[in-house]
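Structure, as structure tokens:
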Amino acid sequence: MRDVVAVTNLSRRFGANAALRDVSLTVSRGCVFGLVGENGAGKSTLIKHLLGLWRAETGAVKVFGLDPVSEPTAVLARIGYLSEQPDLPGWMRVDELLRYMQAFYQRWDTTYAEQLLEQFGLNLGARIKTLSKGQHARLGLIAAEAHRPDLLILDEPSSGLDPIVRRDILEAVIRTITDEGRTVIFSSHLLDEVERVSDHVAMLHKGTLKLCAPLDDIKAKHRRMLLRFERAQAAPPDVPGAIRVDGAGREWTVICDARRMHGAAMARHLGASLVEDCPASLDEIFVAHAMS
Amino acid sequence: MAAPRLNPSSGTPLYLQLVEHLKHSIATGAIRAGEQLPSVRKMAEDLLINPNTVVRAYRDLESEGIVELRHGSGVFIRESVSARTDLMKKAEPVIRSAVDRLEALDLDEDDIRRLMENELALRRAARPRRKQRA
């Protein structure tokens, strides 16, 4: 089966708030799927549907071809999940937690877990509540990874963590992917990290899927152009086909679809000079779509 | 071979940055003809980038005749590649003097990099399209 995840027309409201609006996407086996969006965009809500924590109100969610709500054991046995604040019991010791986790997963690899423990410098006898934030995250990572899940889901795992822990998390993503047939969903607002490792990126904004495409395509498609006018413009210049126009006075930045716009011609048409014409960063693309 | 500093948010795609770094390492003699490059997996893990990016870079180098993929053994620098050390040695002082002069104008690193990238981009845009690789 090629699609590990298939979400079709998924919508979800929490009271008056539309957390997800008609979201459809698929995640292919073997890819690193980056999920980006501001806080409250719906990323975690989407992920919770994949974990079977929410039932689809409208639309459908399939993981490994199964419904995670009606077949939780079959689905969750093959998923490794790490969230922003891994809820590990503070009173347990590291070794106790890993023994506890092992009971849930048939495919738990003790040697691999031990290898990771050593690599991360985690003390088997330490009580979880005494661990630093970074060590806590690393332990959560071992718990998510040691059974070599077919699908590793990381929901903002790097929030508030130092660069070394963030490295460990990225390494786990790469390690998972180089293992044949395993897939990663990586939700993060650290776009730099998403850009490094993702094959495919989906962008949520206020519950709507704004973009969903291979990362290479997204980057090839969006350009940033800096226009300079002779005289200050009172209002944003009208640039047909631009995704976003931003600026003030004489200088205006245009984020546009590179295939539909020829920068120099566009500048001439507006009576401005094209000062810069370069690929847009994921950050700029994100902001442009969020504000459009 | 020094680890490249890859910048995912620069205008250049990651795989191209890697290709350029490897070409530079070869040209300066940091990697020699006949040497083996790290496996896709090792490279991806060391650089923290998607393995597909490494694959693409290696394939690019292969199609340019710089490396060969030996089935079962790995990726090797072709014997026919000679270090263009002399050429690079001549180029380095040119760059150094240009940067010295720009710094004397009180431009900082970001300014200088931006100017260089703009200049190269303008030249690239002015060049006739290279023939498509199969």
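In this text, all values refer to a predicted model and were calculated from it rather than measured experimentally. A note on names: the letters A, B, ... follow the listed sequences, proteins ahead of strands, and every chain is numbered from 1.
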Next on the checklist: So for A/D216, is it side chain, backbone, both, or neither that comes closer than 4.5 Å to the heavy atoms of chain B?
Outcome noted: side chain

Checklist entry - Counting only heavy atoms not in B/R32, do more than 12 sit closer than 6.0 Å to its CZ atom? => result no

Next on the checklist: With a sphere of 6.0 Å drawn around CG of B/D106, does it hold more than 12 non-hydrogen atoms of other residues, nucleotides or ligands?
Outcome noted: no

Checklist entry - Looking at A/K219 and B/P8, what are the two nearest heavy atoms and their distance? => result NZ-O, 2.9 Å

Next on the checklist: For residues 160-173 of chain A, give me every residue with a non-hydrogen atom less than 4.5 Å from any non-hydrogen atom of chain B.
Outcome noted: A/R167, A/L170, A/E171

Item to check | Close approach to chain A in residues 48-56 of chain B, criterion heavy atom under 4.5 Å | outcome: B/L48, B/I49, B/N50, B/P51, B/N52, B/R56

Item to check | For A/T178 against B/E45, the heavy-atom pair lying closest together | outcome: OG1-OE2, 4.0 Å

Next on the checklist: Can you tell me which portion of B/A121 sits under 4.5 Å from chain A's heavy atoms? Options are side chain, backbone, both or neither.
Outcome noted: neither

Hey, can you pull the donor-acceptor pairs under 3.5 Å for the side chains in residues 263-277 of chain A, sequence neighbours left out?
unit_1: A/S273; atom_1: OG; unit_2: A/R228; atom_2: O; d: 3.3
unit_1: A/E276; atom_1: OE1; unit_2: A/R224; atom_2: NH1; d: 3.3
unit_1: A/E276; atom_1: OE1; unit_2: A/R224; atom_2: NH2; d: 3.1
unit_1: A/D277; atom_1: OD1; unit_2: A/R223; atom_2: NE; d: 2.6
unit_1: A/D277; atom_1: OD1; unit_2: A/R223; atom_2: NH2; d: 3.4

Checklist outcome for this item: To the nearest 0.5 Å, atom CG of A/D192 lies from atom CG of B/N7 at 6.5 Å

Checklist entry - Taking atom CG of A/D179 and atom CZ of B/R41, what is their separation to the nearest 0.5 Å? => result 5.5 Å

Checklist entry - What pairs with A/H205 under ring pair (Phe, Tyr, Trp, His ring centres under 6.0 Å), at least two apart in sequence or on another chain? => result none

